[in-house]
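Some notes on the structure that comes next.
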Number of protein chains: 2
Amino acid sequence: MKMQNFKYEGSGLNRFFGPLEAKIMEILWNSIEEMTIKDVQQKLDNDSKANNFNTVMTVMNRLVDKGILQKKALARSYQYSPVVTREAFMEAQSKELTLDLIEEFGSLAVTHMVDALDKVDPGLLDQLEQKIKEMKKDR
Amino acid sequence: MKMQNFKYEGSGLNRFFGPLEAKIMEILWNSIEEMTIKDVQQKLDNDSKANNFNTVMTVMNRLVDKGILQKKALARSYQYSPVVTREAFMEAQSKELTLDLIEEFGSLAVTHMVDALDKVDPGLLDQLEQKIKEMKKDR
DNA sequence: TCCTTACACTACAAATTGTAGTAGGAGTCG
DNA sequence: CGACTCCTACTACAATTTGTAGTGTAAGGA
């Protein structure tokens, strides 16, 4: 389940998926149960205008092909569910991206981190400082 | 000059551009002088197999359309050059991505930063610690 | 048996990126 | 002046990604 891109535009799942893909993942991740295509399609209908069943199916099966969803055969249909939890997904993306960012920009990224942290949530600065201390202590 | 994606695959300019685009930007940024299409094409030829002149032209003009290159009319041709220096480009990407990363992942990213920094270059940890101190002092 | 339902297969559209042909205009050389 | 060369503009096609949806098919139920 290898993502390709991190998009500058959008937010949340839209950074990793197309708009419809994102809505579908959102629905699947919000559901406790596994869902059929029809389930997902109806959820989508609630939110906005009707989506063609086949459209939803195609996109969902593409997500299966990419290893993001898995499907389990029922009598007359399939039940779909994410391969990993949303938390695990976000965790993996965060890890990958953070590493890539530092590999790519190194010292430059460090400079920007402090500003960005301060801008988004100054509390994160303390958290980071704490983490660094712990890391150094363990050596 | 708004980038769309940060690619997980590849490294350097390939994270932002297609393969040929990246080679072309590499050449333009390595050149002190502005360059014509032919200049760039010949540089490309040195590196690998021949590239069609028109191919290089099309890609370069697309980069102009995107606001990444600019072209200046000469008597019989144009001279192309990047709109911003490589350093400014990297600076802007680093800033944008770092901010997006933190907006998107917040505390999660903070956790990964320390590990990533330690893995890539432990010296960056000290640098970061220093930066945090400075930031806090200024308040 | 016939119908409904869910899936499979297929196709098309727009955007992105790489590729390259053709045509035209402008300067050059004989 | 006329033929030639060179550079650009225009155009087009292919592959990939994502959204969209039609048609066919098979299985199960009435």
Side-chain angles (χ1 to χ4, degrees), chain A residues 1-10 13-27 34-42 44-45 47-80, chain B residues 1-10 13-27 34-42 44-45 47-80:
Chain A
M1 199 230 336
K2 192 70 178 161
M3 294 293 96
Q4 298 296 321
N5 287 319
F6 178 74
K7 300 184 171 73
Y8 284 33
E9 296 272 310
L13 297 179
N14 284 295
R15 296 215 190 245
F16 308 102
F17 300 100
L20 180 55
E21 288 179 323
K23 282 186 208 152
I24 288 172
M25 291 310 295
E26 189 75 46
I27 289 170
E34 300 177 331
M35 296 177 81
T36 63
I37 297 171
K38 181 134 254 173
D39 293 336
V40 173
Q41 188 211 354
Q42 281 163 355
L44 283 169
D45 283 357
D47 297 346
S48 57
K49 66 187 184 304
N51 279 274
N52 183 285
F53 177 91
N54 283 333
T55 298
V56 180
M57 177 173 64
T58 302
V59 173
M60 286 176 68
N61 282 328
R62 284 178 187 162
L63 289 169
V64 172
D65 293 340
K66 295 186 202 169
I68 295 162
L69 294 181
Q70 58 196 155
K71 63 182 187 180
K72 195 170 68 181
L74 290 190
R76 296 258 299 134
S77 65
Y78 292 92
Q79 280 193 327
Y80 291 75
Chain B
M1 199 229 336
K2 193 70 177 162
M3 295 292 98
Q4 299 295 323
N5 288 318
F6 178 75
K7 301 184 171 72
Y8 284 33
E9 296 272 311
L13 297 179
N14 284 294
R15 296 215 190 246
F16 309 102
F17 299 100
L20 181 55
E21 289 178 324
K23 281 186 211 152
I24 288 172
M25 291 309 296
E26 189 76 45
I27 288 168
E34 302 177 330
M35 295 175 83
T36 63
I37 297 170
K38 181 133 255 175
D39 293 336
V40 173
Q41 188 213 353
Q42 280 164 355
L44 283 168
D45 282 359
D47 297 347
S48 56
K49 67 188 180 304
N51 278 274
N52 184 284
F53 177 92
N54 283 333
T55 297
V56 179
M57 178 174 62
T58 301
V59 173
M60 285 175 70
N61 282 328
R62 284 178 187 161
L63 289 169
V64 171
D65 294 340
K66 295 187 201 166
I68 295 161
L69 293 183
Q70 58 197 156
K71 62 181 187 181
K72 198 171 67 181
L74 288 192
R76 298 258 297 137
S77 65
Y78 293 91
Q79 280 193 324
Y80 291 74

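Order of the sequence lines sets the chain letters (A, B, ...), proteins ahead of strands, with each chain counted from 1.
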Q.
Can you tell me which nucleotide in C/dA6, D/dA9, D/dA21 comes closest to the side chain of A/Ser77?
A. C/dA6

Q. Counting side-chain heavy atoms from C-beta on, which of C/dC7, C/dG21, D/dT8 comes nearest to A/Phe53?
A. C/dC7

My understanding is that only residues two or more places apart in sequence, or in another chain, count here; which of them pass side-chain hydrogen bond (donor to acceptor under 3.5 Å, both in side chains) with [X]?
{"X": "A/Lys66", "answer": "A/Glu21"}
{"X": "A/Thr36", "answer": "A/Asp39"}
{"X": "B/Lys71", "answer": "B/Asn61"}

Q: Could you tell me which residues satisfy ring-ring contact (aromatic ring centres under 6.0 Å, His included) with B/Tyr80, sequence neighbours excluded, listed by chain and number?
A: none

(Q) Please enumerate all residues that pass ring-ring contact (aromatic ring centres under 6.0 Å, His included) together with A/Tyr78, with sequence neighbours excluded. (A) none

Taking the side chain as every heavy atom from C-beta outward, state whether [X] and [Y] have any atom pair closer than 4.5 Å.
{"X": "B/Leu20", "Y": "B/Thr55", "result": "yes"}
{"X": "A/Lys23", "Y": "A/Leu44", "result": "yes"}
{"X": "B/Met25", "Y": "B/Leu69", "result": "yes"}
{"X": "A/Phe17", "Y": "A/Ile68", "result": "yes"}

Q: Quick one, give me the B/S/- string for nucleotides 23-30 of chain D, reading 5' to 3', where B means a protein heavy atom under 4.0 Å from the base and S means that only happens at the primed atoms, P, OP1 or OP2.
A: B---BS--

To the nearest Å, how far apart are [X] [atom1] and [N] [atom2]?
{"X": "B/Gln41", "N": "C/dT19", "atom1": "CD", "atom2": "P", "answer": "12 Å"}
{"X": "A/Gln79", "N": "C/dC7", "atom1": "CD", "atom2": "P", "answer": "11 Å"}
{"X": "A/Met57", "N": "D/dA21", "atom1": "CE", "atom2": "P", "answer": "13 Å"}
{"X": "B/Asn52", "N": "C/dT22", "atom1": "CG", "atom2": "P", "answer": "12 Å"}
{"X": "B/Asp65", "N": "D/dT11", "atom1": "CG", "atom2": "C1'", "answer": "15 Å"}
{"X": "B/Met60", "N": "D/dA9", "atom1": "CE", "atom2": "C1'", "answer": "15 Å"}
{"X": "A/Lys71", "N": "C/dA8", "atom1": "NZ", "atom2": "C1'", "answer": "9 Å"}
{"X": "A/Lys23", "N": "D/dT18", "atom1": "NZ", "atom2": "P", "answer": "15 Å"}

Indicate whether OP1 or OP2 belonging to [N] is found under 4.0 Å from a side-chain N or O atom of [X].
{"X": "B/Tyr78", "N": "D/dA9", "answer": "yes"}
{"X": "B/Lys38", "N": "D/dC6", "answer": "no"}
{"X": "A/Asn61", "N": "C/dA8", "answer": "yes"}

Set out, line by line, the N/O atom pairs under 3.5 Å between protein and nucleotides 15-17 of chain C.
| from | atom 1 | to | atom 2 | distance (Å) |
| --- | --- | --- | --- | --- |
| C/dT17 | OP2 | B/Lys66 | NZ | 2.8 |

Q | Check: A/Phe16 ring centroid to A/Phe6 ring centroid under 6.0 Å | A | yes

Q: State, to the nearest 10°, the angle formed by the axis through the first five base pairs of the helix from C/dT1-D/dA30 to C/dG30-D/dC1 and the axis through its last five.
A: 40°

Q: Report yes if a donor N or O on one partner sits less than 3.5 Å from an acceptor N or O on the other, where the partners are the side chain of A/Thr58 and the base of D/dA21; otherwise report no.
A: yes

Q. Does the side chain to side chain contact (heavy atoms under 4.5 Å, CB included) test come out yes or no for A/Met35 and A/Gln79, once each step is laid out?
A. CA-CA 5 Å; A/Met35 296 177 81; A/Gln79 280 193 327; over 6 Å; no

Q | B/Arg15 side-chain N/O to B/Lys7 backbone N/O, donor-acceptor pair under 3.5 Å | A | yes

